[in-house]
Amino acid sequence: MSTRIAFLKGHGTENDFVIVPDPENAIDLTPAAVVALCDRRAGIGGDGVLHVVRSAAHPEAEEMAAEAEWFMDYRNGDGSVAEMCGNGVRVFARYLQHAGHVAEGDIAVATRGGVKTVHIAKDGDITVGMGKARLPEGDVTVSVDERSWPARNVNMGNPHAVAFVDDLADAGDLLSPPPFSPAAAYPDGVNVEFVADRGPRHVAMRVHERGSGETRSCGTGACAVAVATARRDGADPAVTGTPVSYTVDVLGGTLVITERPDGEIEMTGPAVIVAEGEIDGDWLADAVR
């Protein structure tokens, strides 16, 4: 009998993930295995994989084990490792609740971007403490076809370039990464957000995620967009002492992003588990050969 590997499928504003519970870090989740799992025709399908591991069992997270029992070992759909995924953290927390590991209220989740504080509300929404944004200096430009726009460089534990456009269609098909300059601004690639205004403190965005292509939503991207929009609008909570919130429409739904005077950013939105089952270990072994 072939080996069976448990999995679940979940999404946060339609940013979807294959969830692989592996508390003791016993599964060799190679880049090729991630690509096979995320394949939407030949695999399960997803924008990425949430590898669920106890922090103490993972060499990259063991130093965080005293603060957070669980580590989100996140992988992009192309098999590459990512520092952080905001929608992924919400879905990760929903899985922990679904599996009975945690209850409603506050929990901590270890990520490569540090320990994140998560609140599971009774109404179903999940709020993630996303940390503080960094705003590196220097001009950045992103391009689509023959058009270019200035972009705000925002780092949320992973890099973002936020460009304001008149119409989201200006982003093109987003099948390939939008070119950016200077190359030195993002030596490891970048997530690119195109943003259009919808109303007071209300914007809509499309995103090309590094390693995944265009996705239906990007949590860290929504945070980067809110910060970039606030600065464009002349709002800086660190200066005014007043929190600022933006509603950010993504293709898969709506997120609410709040930046506090201390610089901490909170993201609130839904997270859903839609299925669970077993992966055929022989299929996975054949798929990665």
Side-chain angles (χ1 to χ4, degrees), residues 11-15 84-90 113 116-121 123-137 139-140 142 149-171 174 178 190-209 214-271:
H11 77 92
T13 50
E14 298 183 11
N15 196 187
M84 173 58 183
C85 175
N87 288 318
V89 174
R90 294 202 320 280
K116 304 302 178 185
T117 300
V118 181
H119 180 79
I120 304 174
D123 66 4
D125 276 351
I126 295 179
T127 298
V128 180
M130 300 289 288
K132 299 179 180 181
R134 290 191 295 109
L135 301 172
E137 296 291 337
D139 295 330
V140 176
V142 299
W149 297 267
R152 187 70 187 248
N153 189 346
V154 183
N155 193 292
M156 287 297 309
N158 56 359
H160 296 268
V162 180
F164 294 93
V165 295
D166 294 329
D167 191 306
L168 293 183
D170 293 341
L174 291 183
V190 64
N191 305 286
V192 181
E193 288 81 24
F194 295 89
V195 184
D197 288 300
R198 290 290 182 263
R201 295 194 178 178
H202 185 184
V203 295
M205 61 174 268
R206 289 177 62 197
V207 57
H208 185 284
E209 285 198 63
E214 183 173 20
T215 59
R216 301 285 295 173
S217 180
C218 175
T220 56
C223 293
V225 163
V227 170
T229 307
R231 299 304 182 272
R232 182 204 64 176
D233 294 346
D236 185 346
V239 175
T240 64
T242 302
V244 61
S245 293
Y246 278 83
T247 298
V248 181
D249 293 339
V250 295
L251 296 181
T254 298
L255 297 166
V256 176
I257 312 300
T258 300
E259 185 181 9
R260 303 197 318 237
D262 62 2
E264 293 291 329
I265 296 169
E266 296 178 338
M267 174 185 63
T268 300

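Numbers for residues simply follow the sequence, beginning at 1.
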With a 4.5 Å heavy-atom cut-off, do R232 and D197 have their side chains touching? yes

Examine distances only and state if a side-chain atom of D262 and a backbone atom of E264 form a donor-acceptor pair shorter than 3.5 Å. yes

Gap between atom CD of E266 and atom OG1 of T117 - 0.5 Å precision: 9.0 Å

Between the side chain of N155 and the main-chain N/O of G157, is any donor-acceptor distance below 3.5 Å? yes

Less than 4.5 Å apart, side chain to side chain, heavy atoms only: is that true for L135 and V154? yes

Within a reach of under 6.0 Å around CG of D123, are more than 12 heavy atoms found that belong to other residues, nucleotides or ligands? yes

Does any N or O in the side chain of R206 come within less than 3.5 Å of the main-chain N or O of L168, such that one atom is a donor and the other an acceptor? yes

For residues A151 and V142, report the shortest heavy-atom separation together with the two atoms involved. CB-CG1, 4.1 Å

When you compare the side chain of T247 with that of R201, does any pair of heavy atoms fall below 4.5 Å? no

In short, A222 meets I257 closest at the heavy-atom pair O-CG1, 3.8 Å

Could you point out which residue of N158, V192, L174, T215 forms a side chain to side chain contact (heavy atoms under 4.5 Å, CB included) with E209? T215

Is the shortest side-chain heavy-atom distance between F194 and D170 below 4.5 Å? no

D233, CG atom: more than 12 neighbouring heavy atoms under 6.0 Å: yes

M84 vs V89 side-chain heavy atoms within contact, under 4.5 Å: yes

Looking at P270, is its backbone amide N or carbonyl O close enough to the side chain of R90 to form a donor-acceptor pair, meaning the two atoms are under 3.5 Å apart? yes

Side chains of D249 and H202, donor plus acceptor under 3.5 Å: yes

Between N191 (side chain) and P159 (backbone), is there a donor-acceptor pair under 3.5 Å? yes

Pairwise distance SG(C218) to CE(M205) - rounded to 0.5 angstrom: 5.5 Å

Can you name the closest pair of heavy atoms from G86 and T220 and give their distance? N-CG2, 3.7 Å

Could you grab the distance from atom CD of E193 to atom CZ of F164, nearest 0.5 Å is fine? 10.0 Å

Heavy-atom closest pair (S217 atom, V250 atom, distance to 0.1 Å) is OG-CG2, 3.5 Å

Quick check: do V225 and Y246 have side-chain heavy atoms less than 4.5 Å from each other? no

Between the side chain of R216 and the main-chain N/O of L251, is any donor-acceptor distance below 3.5 Å? yes

V140 and R152: CA distance, side-chain angles, deciding distance, side chain to side chain contact (heavy atoms under 4.5 Å, CB included) verdict: CA-CA 7 Å; V140 176; R152 187 70 187 248; over 6 Å; no

Give the minimum heavy-atom separation between P243 and T258, together with the two atoms involved. CB-CG2, 4.2 Å

Nearest non-hydrogen partners of N87 and G12, listed with the distance: CG-O, 3.7 Å

Are the side chains of M267 and K116 in touch, meaning some heavy atoms are under 4.5 Å apart? no

